[in-house]
Structure formats: structure tokens, C-alpha cells
2 protein chains.
Amino acid sequence: MTLTPKGEARREALLDAVLRVLERDGASGVTHRSVAAEAGVPVASATYYFATLDDLFVSALRRATQQQVALFADLGEHDLRGFAEVMHDWAFTHRGAAIAQYELMFLAMRRDALRADAEAWYGALEHAIDPERLHPVRTRVTAHAIDGLLLRMLWLGEPSTVGEIEAAVREITSAISA
Amino acid sequence: MTLTPKGEARREALLDAVLRVLERDGASGVTHRSVAAEAGVPVASATYYFATLDDLFVSALRRATQQQVALFADLGEHDLRGFAEVMHDWAFTHRGAAIAQYELMFLAMRRDALRADAEAWYGALEHAIDPERLHPVRTRVTAHAIDGLLLRMLWLGEPSTVGEIEAAVREITSAISA
DNA sequence: CAATTTCTTGTACAAATGTACCAGAAGTTT
DNA sequence: AAACTTCTGGTACATTTGTACAAGAAATTG
């Protein structure tokens, strides 16, 4: 029931493999076999650490969310340029990963157990916007707008440059705090 | 190559069936067989009208987006209450359908051919917010915030009552136009 | 070092899947 | 009504799938 260090390492290697498969082929490409192949381990190893496909998805979502939260957490205060760079990186440079993460979120939507992860995401976003939480309402509205902007970037492919993204973010913050 | 009236009817029945399967079982539940069964037609009929699974998804997205756009289009101007009701209906009463539609959107993200549908969605949303397009910037920011709010409702399950949703929408519009 | 747990890996199998094919029915057009 | 297209629905098949099992290697524990 407990994991040895080596076991833990292989488990994490498999989770990383899930994210890569997800990025490359989408949710429907994730199978025990494809993940095992991506990680370079036998099939039975994937089923040993993740008995069902469900386990695979749930654990992968946890990992992806944690990585995403860390991205925003490392950001300095009021660093709109840095913020725009993170958004650009996420929506364009790692577009596949971003789409994959949303796919996971929607796959997880039918599961109450994963609500905590969704809350963590919103918490990280709001913290990046207003670390001191001085204006709760304004912060919440801004977070929604940023979230919507991210979605728009993924769907329409614009704004597409760091400069345009920064402008859009300024548009949001100034429209809301004006 | 052209469809007879009867053929067109069956084609649409199949598309409706896709949306129902999607709502019930998610994207992974959509197969030629499950859709055919849901529509009460033989399997070969599903493959006749939609040669590949891809055709099925693309056509279903078109249909779902059109229905969604129509929902917003029927709305009166400055009817925040009505707007909140539409949002509540969509995110709670028909939560499965809403999730399904987003799933389709993300499935479609890797296809340029479907960008037009995404644009139609944004167009409808912005039109519902500001029919006369008097304040383009403000309207765009508001649309993003509303979009983010919708996502939040689906992920966190709140705000959950029509009243709370209307309050959240007012929060957005007043924060932005203030 | 013996006992016990954790891990590895090959193998097996029923079920489900995408897709193709075909013979004939129903419909449309000339 | 003849010629043609569209549609129907049954059937077949190679692949891929999730999942299970078992026997042994490796690691951990007492």
C-alpha cells in the first residue's frame, strides 16, 4: 500500500507521460498503453500504479493544477508585463498543455472530489491579481475577466503577442478600477 | 451527394442524439454505435451520414453553438434579470449540456475550421451585452468577465441562484462602467 | 537472514470500436 | 416507367481497449 522511493519515481514519470500524451493527442489519446509507451515502461506498470483510467485522469489533473498554480505564485506584485508573459507562454507556447488542462477540468466536472482543485486555481489567480486582497469584489471581477481572456486567446488565437496581451490586461484592470 | 428531406431529418435526429449522449456520458461516450442506439437507427445509418467520428463532433458543435447563440439573441436589451435567468438555466438546469458544449469547443480547438463558430459565440454574447456597440472596449471586457463567471459557475457551482447570479452580473457591469 | 511487502513484466481475453462492404428498398429525375 | 441517385440495414473483421492474473525480482522490515 505504501510506495517505495523507486515506486514513487515511476509513478511520477507516468503522470508526466500522461500530460505529454494529453498535450499531443488530447483526452481521447490517453490509454494505459499509450501512457506506458510514452513513459517507456510496460503496460502492466501503468495499471499497477493507476488501476483504472479514472485514477490516471484524476491524478494528472492534480499535478497539472499544482504546476499551474506555481506559475502564478512566482509572479511579483503589480507585474503586468510578467503576467502577460505567463499568459502568452501558457496560451501559445504551451497551447497543447493549456488545452489539455482545460480538458481535464471538464472531464473532472462531474466529480465533486475535484472541486478543491478548481478552487485552488481561482485562489492562485486572485492572489496574483491582488495579493493583499484589498478589493475583494474588484479582484473577483478581474479574475473572471482574465479567465475569459485566457479562454478567448485559446479559442480565437488573439490577442497573440505579449504586448497585445499586456494591453488587454491593462484594458481590463483600468476598466474595472476606473 | 444531396440529401432528401427524409435524409435530412434523420441526419438531424442523429445530431440531436449526439448532444444527448454527450450530455449523459461526455465526449468519450460518443461512438457511432452509441449515437445510433440513442437515435434508434441502425449503426450503418450513423456511418452513412457521418463517415468518421470527427464529422459527428464537428457537426454537433455547429448545432450546439447555433442553439446557444439563439438563446442570447432572443434576449431583450438591458434585461439583466433575463440574462441571469439564461445563465442559470444553462449552467444548472442544463449543466450536462453546457459541459458538453465546452467539451466540444475544446475538442474543436485543434481545428482552424471551427474558429468561425467560436467567433459566433463571442459575437452573440457581446451583442446581448451591448446591442448598439456603443462602448466596444467596455463591452469586450464585460464579455470576458461574463464568460469567466459562467466557467466559475460550472466549476464551483456558485453563484447558484438566479438572484445571486444577477447580483454577480450587476457586480461586473457596475465595476466596469463605474 | 528470513519474512513480508512492494514492484515488475509477460501474457491472456472478452468486449467494444472504427470502418468497410453489399444487396436491396425508397426516392427522385428525365 | 426507366434510369439514376439516395438511403437502409445487415454483416464482417482487424484493432484497440480495459482489466485481470500469476510468477518472480527487488526492496523493506523484523
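So that the names make sense, note that chain A is the first sequence line, chain B the second, and so on, each numbered from 1.
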Undergrad: Validate the cation-pi geometry between A:Arg10 and A:Tyr49: distance from NZ or CZ to the six-membered ring centre under 6.0 Å, angle to the ring axis within 45°.
TA: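 No, A:Arg10 and A:Tyr49 do not form such a contact.
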Undergrad: Check for a donor-acceptor pair, side chain of B:Ser34 on one end and backbone N or O of B:Gly29 on the other, with a separation under 3.5 Å.
TA: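 Looks like yes, one N/O pair under 3.5 Å.
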Undergrad: Just say parallel, tilted or perpendicular for the rings of A:Tyr102 and A:Trp90, cut-offs at 30° and 60°.
TA: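 Rings of A:Tyr102 and A:Trp90: tilted, as their planes differ by 30° to 60°.
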Undergrad: How does protein contact run along nucleotides 5-21 of chain C, one letter per nucleotide 5' to 3', with B for base contact, S for sugar-phosphate only, - for none, heavy atoms under 4.0 Å?
TA: -SBBBB-B----BBB--
Undergrad: What orientation do A:Phe72 and A:Phe83 show, parallel under 30°, tilted 30 to 60°, or perpendicular over 60°?
TA: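 Taking A:Phe83 first and then A:Phe72, their aromatic rings sit tilted (interplane angle of 30° to 60°).
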Undergrad: Measure the shortest side-chain to side-chain distance between A:Trp121 and A:Asp147 over non-hydrogen atoms and say whether it is less than 4.5 angstrom.
TA: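 SC-SC contact between A:Trp121 and A:Asp147 confirmed.
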